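These notes are about the structure you will find just below.
Quick caveat: nothing in here was measured; it's all calculated off a predicted structure.
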Amino acid sequence: MTSPGPVTRDLLETFEDVRSRTFARLDGLTDAEYLWEPVASCMTLRSAAGTMFRADPRSAGDVRPAPFTTIGWRVWHIGADCLRGYGRFFGDDPQDEDRHLWPGTAIEGIQALANDWTRFRNHVESLGDDGLLRPMGPVAGVYGHESYLLLALHALDEASHHGAELGVLRDLYLHGFAIERRADRDEVNPAP
(Lines give C-alpha, C1' and ligand atoms only; values in the text may rest on other atoms or scores of the structure.)
Protein backbone atom coordinates (compact mmCIF):
# COMPACT_ATOMS: atom_id res chain seq x y z
CA MET A 1 0.00 0.00 0.00
CA THR A 2 1.28 3.46 -0.87
CA SER A 3 1.62 6.19 1.71
CA PRO A 4 -1.34 8.56 1.88
CA GLY A 5 -0.93 12.06 0.52
CA PRO A 6 -0.52 14.98 2.92
CA VAL A 7 -4.23 15.89 3.07
CA THR A 8 -5.31 12.32 3.74
CA ARG A 9 -2.49 11.78 6.24
CA ASP A 10 -3.28 14.92 8.24
CA LEU A 11 -7.00 14.23 8.19
CA LEU A 12 -6.53 10.64 9.39
CA GLU A 13 -4.13 11.75 12.14
CA THR A 14 -6.71 14.25 13.36
CA PHE A 15 -9.44 11.58 13.26
CA GLU A 16 -7.16 9.38 15.35
CA ASP A 17 -6.56 12.17 17.89
CA VAL A 18 -10.32 12.68 18.30
CA ARG A 19 -10.95 8.91 18.43
CA SER A 20 -8.32 8.31 21.09
CA ARG A 21 -9.62 11.17 23.29
CA THR A 22 -13.23 10.04 22.91
CA PHE A 23 -12.54 6.39 23.69
CA ALA A 24 -10.27 7.34 26.62
CA ARG A 25 -13.22 9.27 28.10
CA LEU A 26 -15.45 6.19 27.62
CA ASP A 27 -13.00 3.82 29.32
CA GLY A 28 -14.70 2.10 32.26
CA LEU A 29 -18.16 3.41 31.37
CA THR A 30 -20.84 1.49 33.28
CA ASP A 31 -24.31 0.59 32.08
CA ALA A 32 -25.74 2.89 34.76
CA GLU A 33 -23.77 5.86 33.35
CA TYR A 34 -24.58 4.87 29.77
CA LEU A 35 -28.34 5.19 30.35
CA TRP A 36 -28.27 7.83 33.14
CA GLU A 37 -30.85 10.58 32.58
CA PRO A 38 -29.51 13.73 34.26
CA VAL A 39 -32.65 15.71 33.44
CA ALA A 40 -36.29 14.86 32.85
CA SER A 41 -37.28 14.02 29.28
CA CYS A 42 -33.78 13.06 28.09
CA MET A 43 -33.40 11.63 24.65
CA THR A 44 -32.14 8.12 25.31
CA LEU A 45 -32.05 4.51 24.19
CA ARG A 46 -35.21 2.56 24.99
CA SER A 47 -35.58 -1.19 25.25
CA ALA A 48 -36.61 -2.81 21.97
CA ALA A 49 -36.33 -6.42 20.78
CA GLY A 50 -33.92 -8.76 22.60
CA THR A 51 -30.76 -7.04 23.77
CA MET A 52 -31.14 -4.15 21.34
CA PHE A 53 -32.45 -0.74 22.23
CA ARG A 54 -33.93 1.99 20.02
CA ALA A 55 -32.55 5.53 19.96
CA ASP A 56 -35.15 8.24 20.39
CA PRO A 57 -35.53 10.07 17.07
CA ARG A 58 -34.07 13.54 16.74
CA SER A 59 -36.52 16.43 16.82
CA ALA A 60 -37.56 17.84 13.47
CA GLY A 61 -36.26 21.30 12.76
CA ASP A 62 -33.97 23.49 14.81
CA VAL A 63 -35.29 23.06 18.35
CA ARG A 64 -33.78 25.43 20.94
CA PRO A 65 -32.60 24.54 23.37
CA ALA A 66 -31.57 21.22 21.88
CA PRO A 67 -32.91 18.25 23.84
CA PHE A 68 -30.62 16.87 26.55
CA THR A 69 -29.37 13.33 25.92
CA THR A 70 -27.95 10.36 27.74
CA ILE A 71 -24.42 9.14 27.10
CA GLY A 72 -25.89 6.10 25.33
CA TRP A 73 -27.91 8.27 22.93
CA ARG A 74 -24.87 10.45 22.21
CA VAL A 75 -22.68 7.36 21.53
CA TRP A 76 -25.40 6.13 19.13
CA HIS A 77 -25.56 9.55 17.45
CA ILE A 78 -21.81 9.69 16.76
CA GLY A 79 -21.68 6.06 15.57
CA ALA A 80 -24.84 5.11 13.71
CA ASP A 81 -26.45 8.46 12.99
CA CYS A 82 -23.30 10.29 11.86
CA LEU A 83 -20.37 8.06 10.94
CA ARG A 84 -22.39 5.07 9.69
CA GLY A 85 -25.04 7.34 8.22
CA TYR A 86 -22.44 9.14 6.13
CA GLY A 87 -21.61 5.79 4.56
CA ARG A 88 -24.42 6.46 2.08
CA PHE A 89 -22.14 9.01 0.40
CA PHE A 90 -19.70 6.18 -0.28
CA GLY A 91 -22.39 3.77 -1.51
CA ASP A 92 -22.35 1.96 1.85
CA ASP A 93 -25.96 2.17 3.01
CA PRO A 94 -27.62 -1.19 3.65
CA GLN A 95 -31.29 -0.64 2.85
CA ASP A 96 -32.49 -3.27 5.33
CA GLU A 97 -30.64 -1.78 8.30
CA ASP A 98 -32.44 0.17 11.03
CA ARG A 99 -29.82 2.64 12.26
CA HIS A 100 -31.97 3.51 15.28
CA LEU A 101 -31.32 0.06 16.77
CA TRP A 102 -28.32 0.17 19.10
CA PRO A 103 -26.87 -1.96 21.90
CA GLY A 104 -28.32 -1.30 25.37
CA THR A 105 -25.08 -1.90 27.27
CA ALA A 106 -22.04 0.35 27.54
CA ILE A 107 -19.53 -2.28 26.39
CA GLU A 108 -21.54 -3.24 23.31
CA GLY A 109 -22.38 0.39 22.49
CA ILE A 110 -18.71 1.41 22.65
CA GLN A 111 -17.79 -1.54 20.42
CA ALA A 112 -20.48 -0.56 17.90
CA LEU A 113 -19.10 3.01 17.92
CA ALA A 114 -15.59 1.64 17.34
CA ASN A 115 -16.85 -0.40 14.37
CA ASP A 116 -18.63 2.61 12.84
CA TRP A 117 -15.54 4.79 13.40
CA THR A 118 -13.27 2.28 11.65
CA ARG A 119 -15.68 1.88 8.76
CA PHE A 120 -15.89 5.64 8.14
CA ARG A 121 -12.13 6.08 8.55
CA ASN A 122 -11.51 3.35 5.96
CA HIS A 123 -13.84 5.11 3.51
CA VAL A 124 -11.90 8.36 3.94
CA GLU A 125 -8.53 6.61 3.60
CA SER A 126 -9.63 4.81 0.43
CA LEU A 127 -10.27 8.13 -1.35
CA GLY A 128 -6.76 9.54 -1.05
CA ASP A 129 -6.02 13.20 -1.68
CA ASP A 130 -7.49 13.28 -5.19
CA GLY A 131 -10.71 11.57 -4.14
CA LEU A 132 -11.14 13.79 -1.09
CA LEU A 133 -11.10 16.85 -3.33
CA ARG A 134 -13.71 15.44 -5.75
CA PRO A 135 -17.36 16.51 -5.54
CA MET A 136 -19.57 13.78 -4.03
CA GLY A 137 -21.91 13.87 -7.01
CA PRO A 138 -25.54 12.68 -7.31
CA VAL A 139 -25.30 10.24 -4.37
CA ALA A 140 -25.17 13.31 -2.09
CA GLY A 141 -28.32 14.97 -3.46
CA VAL A 142 -28.30 18.73 -2.80
CA TYR A 143 -24.75 18.38 -1.41
CA GLY A 144 -23.47 16.77 -4.61
CA HIS A 145 -21.31 19.78 -5.45
CA GLU A 146 -19.52 19.53 -2.07
CA SER A 147 -16.24 17.62 -1.73
CA TYR A 148 -15.60 14.44 0.20
CA LEU A 149 -13.10 16.49 2.20
CA LEU A 150 -15.92 18.73 3.40
CA LEU A 151 -17.92 15.64 4.39
CA ALA A 152 -14.91 14.25 6.30
CA LEU A 153 -14.39 17.59 8.07
CA HIS A 154 -18.09 17.70 8.98
CA ALA A 155 -17.82 14.16 10.40
CA LEU A 156 -14.74 15.20 12.35
CA ASP A 157 -16.61 18.22 13.76
CA GLU A 158 -19.57 16.02 14.78
CA ALA A 159 -17.33 13.41 16.42
CA SER A 160 -15.18 15.94 18.27
CA HIS A 161 -17.90 18.17 19.68
CA HIS A 162 -20.16 15.26 20.65
CA GLY A 163 -17.14 13.46 22.10
CA ALA A 164 -16.54 16.50 24.31
CA GLU A 165 -20.19 16.37 25.41
CA LEU A 166 -19.65 12.73 26.43
CA GLY A 167 -16.82 13.90 28.66
CA VAL A 168 -18.99 16.53 30.33
CA LEU A 169 -21.78 14.01 30.94
CA ARG A 170 -19.30 11.58 32.49
CA ASP A 171 -17.88 14.33 34.68
CA LEU A 172 -21.36 15.22 35.95
CA TYR A 173 -22.12 11.58 36.72
CA LEU A 174 -18.74 10.80 38.31
CA HIS A 175 -18.96 13.90 40.52
CA GLY A 176 -22.43 12.88 41.68
CA PHE A 177 -24.55 15.63 40.21
CA ALA A 178 -27.58 15.83 37.99
CA ILE A 179 -28.99 19.13 36.84
CA GLU A 180 -32.75 19.12 36.92
CA ARG A 181 -34.56 21.95 35.20
CA ARG A 182 -37.58 23.28 37.06
CA ALA A 183 -40.03 25.89 35.83
CA ASP A 184 -39.10 28.24 38.67
CA ARG A 185 -35.43 27.35 39.32
CA ASP A 186 -32.45 25.16 38.52
CA GLU A 187 -31.71 22.53 41.11
CA VAL A 188 -28.58 20.43 41.44
CA ASN A 189 -29.34 16.86 42.55
CA PRO A 190 -27.07 13.92 43.28
CA ALA A 191 -26.71 11.31 40.55
CA PRO A 192 -27.96 7.82 41.44
Where do [X] and [Y] come nearest, in terms of heavy atoms and distance?
{"X": "Ala155", "Y": "Leu83", "result": "CB-CD2, 4.0 Å"}
{"X": "Ala48", "Y": "Leu101", "result": "CB-CD2, 4.2 Å"}
{"X": "His145", "Y": "Pro135", "result": "O-CB, 3.9 Å"}
{"X": "Trp102", "Y": "Gly109", "result": "CZ2-O, 3.3 Å"}
{"X": "Ile71", "Y": "Arg170", "result": "CD1-CG, 3.7 Å"}
{"X": "Leu11", "Y": "Ala152", "result": "CD2-CB, 3.5 Å"}

Sub-4.5 Å side-chain heavy-atom contact between [X] and [Y]:
{"X": "Leu133", "Y": "Ser147", "answer": "no"}
{"X": "Trp76", "Y": "Leu113", "answer": "no"}
{"X": "Val18", "Y": "Ser160", "answer": "yes"}
{"X": "Leu174", "Y": "Glu33", "answer": "yes"}
{"X": "Leu127", "Y": "Leu149", "answer": "no"}
{"X": "Asn122", "Y": "Trp117", "answer": "no"}
{"X": "Glu158", "Y": "Leu153", "answer": "no"}
{"X": "Ile110", "Y": "Phe23", "answer": "yes"}

Distance in Å, [X] [atom1] paired with [Y] [atom2], rounded so as to fall on 0.5 Å steps:
{"X": "Leu45", "Y": "Met52", "atom1": "CG", "atom2": "CE", "value": "9.5 Å"}
{"X": "Tyr86", "Y": "Arg119", "atom1": "OH", "atom2": "CZ", "value": "15.0 Å"}
{"X": "Leu151", "Y": "Met136", "atom1": "CG", "atom2": "CE", "value": "5.0 Å"}
{"X": "Glu37", "Y": "Leu35", "atom1": "CD", "atom2": "CG", "value": "8.0 Å"}

Are there more than 12 heavy atoms of other residues, nucleotides or ligands under 6.0 Å from atom CD1 of Ile107?
->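 Result for CD1/Ile107: open.
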Exactly one of [options] should register a ring pair (Phe, Tyr, Trp, His ring centres under 6.0 Å) with [X]. Which one does?
{"X": "Trp36", "options": "Phe68, Trp73, Tyr173", "answer": "Tyr173"}
{"X": "His77", "options": "His161, His100, His162", "answer": "His162"}
{"X": "Tyr148", "options": "Phe90, Phe120, Tyr143, Phe89", "answer": "Phe90"}

Please lay out, stage by stage, how Arg58 and Asp81 fare under the test salt bridge (Lys or Arg N to Asp or Glu O under 4.0 Å).
-> CA-CA 10 Å; Arg58 288 185 290 152; Asp81 202 25; 2.9 Å; yes
Yes or no on side chain to side chain donor-acceptor pair (under 3.5 Å) for Asp31 and Thr105, after CA distance, side-chain angles and deciding distance?
-> CA-CA 5 Å; Asp31 291 347; Thr105 67; 4.7 Å; no
Evaluate the side chain to side chain contact (heavy atoms under 4.5 Å, CB included) criterion for residues Glu125 and Arg121: first the C-alpha distance (whole Å), next the side-chain angles of each, then the deciding distance (0.1 Å), finally the verdict.
-> CA-CA 6 Å; Glu125 184 176 29; Arg121 185 208 177 281; 2.8 Å; yes
Applying side chain to side chain contact (heavy atoms under 4.5 Å, CB included), run through Thr44 and Thr69 and close with a yes or a no.
-> CA-CA 6 Å; Thr44 190; Thr69 73; over 6 Å; no
Kindly indicate, with the supporting measurements, whether the criterion salt bridge (Lys or Arg N to Asp or Glu O under 4.0 Å) is fulfilled by Asp98 and Arg54.
-> CA-CA 9 Å; Asp98 183 348; Arg54 178 171 292 285; 2.7 Å; yes
Please assess Thr14 against Glu16 for the test side chain to side chain contact (heavy atoms under 4.5 Å, CB included), listing each intermediate value before the final yes or no.
-> CA-CA 5 Å; Thr14 306; Glu16 178 54 27; over 6 Å; no
Exam field: side chain Ser126 to backbone His123, donor-acceptor pair closer than 3.5 Å |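 Present.
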Single-linkage hydrophobic cluster Leu156~Leu12, side-chain heavy atoms < 4.5 angstrom =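 Cluster IDs for Leu156 and Leu12 match.
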Do Phe15 and Leu150 sit in the same hydrophobic cluster, where Ile, Leu, Val, Met, Phe, Trp and Tyr count as joined when their side-chain heavy atoms come under 4.5 Å apart?
->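 Per the 4.5 Å side-chain linkage, Phe15 and Leu150 are not co-clustered.
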Could you walk me through whether Arg99 and Asp116 pass salt bridge (Lys or Arg N to Asp or Glu O under 4.0 Å), step by step?
-> CA-CA 11 Å; Arg99 280 199 327 264; Asp116 288 333; over 6 Å; no
Would you kindly say whether Thr8 and Asp129 are connected by a side-chain donor-acceptor distance under 3.5 Å?
->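 Yes, because at least one side-chain N or O of Thr8 sits under 3.5 Å from a partner of the opposite role on Asp129.
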